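See below for the structure under consideration.
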Amino acid sequence: MAEELNLSEQRVNSIKFNALQKIKKTKYFRMLYLEMNPISYYPTHDLQRIPSGNNFNKSSPVERIVLEKQKQEKQLLKKTLKHIKSTF
């Protein structure tokens with residue numbers, strides 16, 4: 001995609017990150033997020049950036065919960081994006 005737009009990969013990732021942040025700030029996204037996750041007692045983590053090693057158990061219950069939360073957030077982003085597109 002970066003080549004097609006004649007942009008660096010870093011710039012494309014930056015644009016993507018900024019767009020996701022804007023979507024997450026919408027009232028619709030927050031409403032859906034609170035509906036699915038009324039209370040959250042742990043911060044979100046980007047587990048893809050955690051180096052795999054002997055000290056990190058990839059099948060831990062905490063990791064499964066965090067991965068499930070990330071999956072739910074992706075679904076919410078898709079719903080929010082569809083909602084935004086339908087309003088235009």
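The basis for the numbers below is simple: all heavy atoms, side chains too, and nothing from hydrogens, waters or symmetry mates. This one's a predicted model, so the numbers in the text were calculated from it and none came from an experiment.
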Exercise for review: Identify, with sequence neighbours excluded, every residue that meets side chain to side chain contact (heavy atoms under 4.5 Å, CB included) alongside Glu4.
Suggested key: none
Study note, to complete from the structure: d(Leu20 CG, Leu77 CG) to nearest 0.5 Å is 5.5 Å
Which donor-acceptor pairs under 3.5 Å do the side chains of residues 12-19 make with protein atoms, sequence neighbours left out?
unit_1: Asn13; atom_1: ND2; unit_2: Glu9; atom_2: O; d: 3.4
unit_1: Asn18; atom_1: ND2; unit_2: Ser14; atom_2: O; d: 3.3

Exercise for review: Can you run down the salt bridge (charged side-chain N to carboxylate O under 4.0 Å, His left out) pairs that involve residues 17-30, sequence neighbours left out, and say none if there aren't any?
Suggested key: Lys24-Glu73
Review point. Measuring from Ile84:CD1 to Thr26:OG1, what's the distance to the nearest 0.5 Å?
Key: 5.0 Å
Point to revise | Spacing of CG belonging to Leu81 relative to NZ belonging to Lys79, to within rounding of 0.5 Å | key: 13.5 Å
Exercise for review: Taking all heavy atoms of Phe29 and all of Leu76, pick out the closest pair and write down the distance.
Suggested key: CE1-CB, 3.5 Å
Check your understanding: side chain to side chain contact (heavy atoms under 4.5 Å, CB included) between Glu68 and Arg64: does it pass, once the steps are laid out?
Key -> CA-CA 6 Å; Glu68 182 61 32; Arg64 283 194 297 274; over 6 Å; no
Practice item. List in chain and number order the residues that pass salt bridge (Lys or Arg N to Asp or Glu O under 4.0 Å) with Lys78, two or more places apart in sequence or in another chain; answer none if no residue qualifies. Key: none
**Study point:** Leu32 CG to His83 NE2 distance, which is reported to the nearest 0.5 Å
**Key:** 8.5 Å
Check your understanding: Would one find more than 12 heavy atoms of other residues, nucleotides or ligands at under 6.0 Å from atom CD of Gln21?
Key -> yes
